[in-house]
K.L.:
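Structure in structure tokens, see below.
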Amino acid sequence: MANNFSLPRQQCNGIAYYQGGTDGATLLFLHGVGLSADCWQQQISVLEQQNTVFAVDLPGHGASAAFGNSDDSNNSIKITDFSDKIAEFIATNIGKPVIVVGHSLGALITLQLAADHPQHLSAAVAISAVFCRSQQAQHAVAARATQLQQATDAIRHTLIDSTIARWFGQSSQSSEHAQTAEQCRHWLRQTPAAAYATAYQVFATTAAEQIPLAQLTRPVLYLTGADDPNSTAEMSKQMAAQTPNAEAMIIAGHAHMLQMTAATAVCQALQQGLLSFPDCTT
């Protein structure tokens, strides 16, 4: 049974968001394809005790409005549409540079934001970012994006089941992570089909090598699970090697959904980052 607990939301220009905490650093959390701000509950509960925390639903996800016509998948949407929307949110609702923490598609949005709108970031954390996919992996992700464009509910649910298997691996059946996997399955099925397909198309056609990592001016922490078959540890190490003032941190024994399956380790990594990122509390 999925946990139906949901963070309380506010609205700003079509973006639904959670805001909590006080003082300290200011952090903004961005989720991945098909998820919502709720996937950051464990980090929020820890970090908002001494910091200001925002978590948004990306366009078309959770309680946020979709891009354009919500009835049809929109292949014209690009990663910059997401990053520009987040930049607008920071400028309108926060009004100062923040530490942006993104997962999967959210990680790519975070890196694009750091490239195009560095004035809005004090630092970036890219969790489970993808970089230089193999030809086989690129073919597979492109095929899934095409299937989602015209998928029936039954086919979409089958694709979601395969997504859960990739995200969690064998742990999706373990007693420790079965409920977490089921919660993610619930979120994916709740996301409108058109918005899910649009976001996945962006994810399928974007990878971090398309972003000028060598020109980033803000500190970046790359974080991934050692067992993630798609956003691999080697990818994070390669990205860190190309990015000035960057570090790669690998969490053993975990796959794609680090913020949920390795919540304590992710919180510790973020807290360590708060101590090392310059000017994060200004």
Side-chain angles (χ1 to χ4, degrees), residues 30-35 39 58-61 66-85 102-113 115-116 126-169 172 181 184-185 187-213 222 224-225 227-236 238-239 242 255-258:
L30 307 178
H31 62 80
V33 175
L35 301 176
C39 73
L58 293 177
H61 295 66
F67 287 117
N69 185 347
S70 62
D71 293 330
D72 297 296
S73 297
N74 190 343
N75 287 330
S76 69
I77 299 299
K78 307 298 183 187
I79 190 73
T80 50
D81 293 295
F82 283 95
S83 59
D84 289 349
K85 190 70 173 177
H103 171 253
S104 196
L105 174 62
L108 297 176
I109 295 169
T110 297
L111 294 172
Q112 191 70 56
L113 189 68
D116 294 345
I127 303 175
S128 303
V130 66
F131 179 79
C132 290
R133 293 182 179 100
S134 68
Q135 186 175 11
Q136 181 180 6
Q138 183 56 48
H139 176 78
V141 75
R144 289 192 291 272
T146 299
Q147 286 180 290
L148 283 168
Q149 295 294 324
Q150 302 295 330
T152 64
D153 285 345
I155 292 175
R156 183 167 172 264
H157 288 176
T158 297
L159 291 171
I160 286 171
D161 290 342
S162 67
T163 294
I164 295 300
R166 287 194 308 277
W167 283 2
F168 290 90
S172 65
C184 288
R185 192 192 318 274
W187 285 328
L188 295 177
R189 290 187 175 187
Q190 288 293 109
T191 301
Y196 189 103
T198 294
Y200 200 90
Q201 180 67 29
V202 171
F203 177 71
T205 55
T206 307
E209 69 267 19
Q210 299 165 11
I211 300 168
L213 300 180
Y222 294 99
T224 197
D227 297 339
D228 192 329
N230 296 309
S231 305
T232 66
E234 186 58 32
M235 288 179 180
S236 283
Q238 290 176 0
M239 287 184 286
Q242 294 190 19
H256 194 65
M257 290 302 298
L258 287 178

K.L.:
Using the side-chain contact (heavy atoms from CB on, under 4.5 Å) rule, pick out the option among Ile164, Leu35, Asp228 that qualifies with Met257.
P.N.:
Leu35
K.L.:
Where do Gln242 and Phe131 land on the side chain to side chain contact (heavy atoms under 4.5 Å, CB included) test, with the steps shown first?
P.N.:
CA-CA 11 Å; Gln242 294 190 19; Phe131 179 79; 3.3 Å; yes
K.L.:
Keeping Asp81 on the side-chain end and Lys78 on the backbone end, is there a donor-acceptor pair under 3.5 Å?
P.N.:
yes
K.L.:
Among all residues two or more places apart in sequence or in another chain, which pass the side chain to side chain contact (heavy atoms under 4.5 Å, CB included) test with Pro229?
P.N.:
none
K.L.:
For Val130 and Asn230, which heavy atoms make the closest approach, and how far apart are they?
P.N.:
CG2-O, 4.0 Å
K.L.:
So which heavy atom on Val33 is nearest to which on Ala199, and how close?
P.N.:
CG2-O, 3.9 Å
K.L.:
Which heavy atom of Ala204 sits nearest a heavy atom of Arg133, and at what distance?
P.N.:
O-NH1, 3.6 Å
K.L.:
Mind jotting down which residue pairs meet the salt bridge (Lys or Arg N to Asp or Glu O under 4.0 Å) criterion with at least one end in residues 149-165? Sequence neighbours excluded, please.
P.N.:
Asp161-Arg185, Asp161-Arg189
K.L.:
Could you check whether any side-chain N or O of Thr224 sits under 3.5 Å from a backbone N or O of Ser231, counting only pairs where one atom can act as donor and the other as acceptor?
P.N.:
yes
K.L.:
Quick check: closest heavy atoms across Trp167 and Ala255, and the distance to 0.1 Å?
P.N.:
O-CB, 3.2 Å
K.L.:
Determine yes or no for a side-chain-to-main-chain donor-acceptor pair under 3.5 angstrom, with Thr206 supplying the side chain and Phe203 the backbone.
P.N.:
no
K.L.:
Please name all residues satisfying side chain to side chain contact (heavy atoms under 4.5 Å, CB included) with Thr232, sequence neighbours left out, ordered by chain then number.
P.N.:
Glu234, Met235
K.L.:
Please report the shortest heavy-atom distance between Val141 and Gln138, naming the atom on each side.
P.N.:
CG1-O, 3.3 Å
K.L.:
Would a distance-only check, ignoring hydrogens and angles, find a side-chain to backbone donor-acceptor pair under 3.5 Å from Ser83 to Leu113?
P.N.:
no
K.L.:
I need the minimum non-hydrogen distance between Ile77 and Val202, along with the two atoms involved.
P.N.:
O-CG2, 3.4 Å
K.L.:
Treating Gln112 as the side-chain partner and Thr80 as the backbone partner, does any N or O pair qualify as donor plus acceptor under 3.5 Å?
P.N.:
no
K.L.:
On the 0 to 90° scale, with breaks at 30° and 60°, tag the His256-His103 ring pair as parallel, tilted or perpendicular.
P.N.:
tilted
K.L.:
Within a reach of under 6.0 Å around NE2 of His139, are more than 12 heavy atoms found that belong to other residues, nucleotides or ligands?
P.N.:
no
